[in-house]
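The structure under discussion appears below in the form of structure tokens.
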Amino acid sequence: MLVPISALPGPMQGLASIFPLSTGMDALRQSLLGGAGIGDVGGELVRLLLLSAVLFVFGWIMLRRVEHVAKRGAELDFD
């Protein structure tokens with residue numbers, strides 16, 4: 001988060017781009033320090049939007065699973 005993603009070595013750039021905080025900070029850094037506009041950080045914003053959608057669907061599926069387990073067993077003990 002302290003170092004721009006573009007300053008990282010090749011394989012680390014791929015790993016850093018997975019984390020939403022790194023991508024968001026990179027977009028913010030470009031906007032505030034580099035004077036980039038919305039079009040310049042559009043790729044980062046699209047990536048954050050897609051990641052948010054994936055995490056939302058995953059959370060919804062996990063919530064349904066917990067509800068199913070709770071209704072079937074009338075408890076939330078996963079042991």
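In what follows, every heavy atom counts, from backbone to side chain, and hydrogens, waters and symmetry copies are set aside.
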From [atom1] ([X]) to [atom2] ([Y]), nearest 0.5 Å:
X: Leu45; Y: Ile38; atom1: CG; atom2: CD1; result: 5.0 Å
X: Glu67; Y: Met62; atom1: CD; atom2: CE; result: 12.0 Å
X: Arg47; Y: Asp26; atom1: CZ; atom2: CG; result: 8.0 Å

Any side-chain to backbone donor/acceptor pair from Gln13 onto Leu8? Under 3.5 Å, distance only.
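Pair found, side chain donor or acceptor close to backbone of Leu8.
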Linking I/L/V/M/F/W/Y whenever their side-chain heavy atoms sit closer than 4.5 Å, directly or via other members, would Leu49 and Val46 fall into one cluster?
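The answer is no; the residues belong to distinct hydrophobic clusters.
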Identify whether Leu32 and Met25 are in the same connected component of the hydrophobic contact network (ILVMFWY, side-chain heavy atoms under 4.5 Å).
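Yes, it is one cluster - the side chains of Leu32 and Met25 are joined through contacts under 4.5 Å.
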Which pair of non-hydrogen atoms, one from Val41 and one from Ala27, has the smallest distance, and what is that distance?
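So the two residues come closest at CG1-O, 3.7 Å.
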Is Leu63 atom CG crowded by more than 12 heavy atoms from other residues, nucleotides or ligands, each under 6.0 Å away?
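Yes, enclosed.
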Among Arg64, Arg72, Lys71, which residue satisfies the side-chain contact (heavy atoms from CB on, under 4.5 Å) criterion with His68?
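Answer after filtering Arg64, Arg72, Lys71: Arg72.
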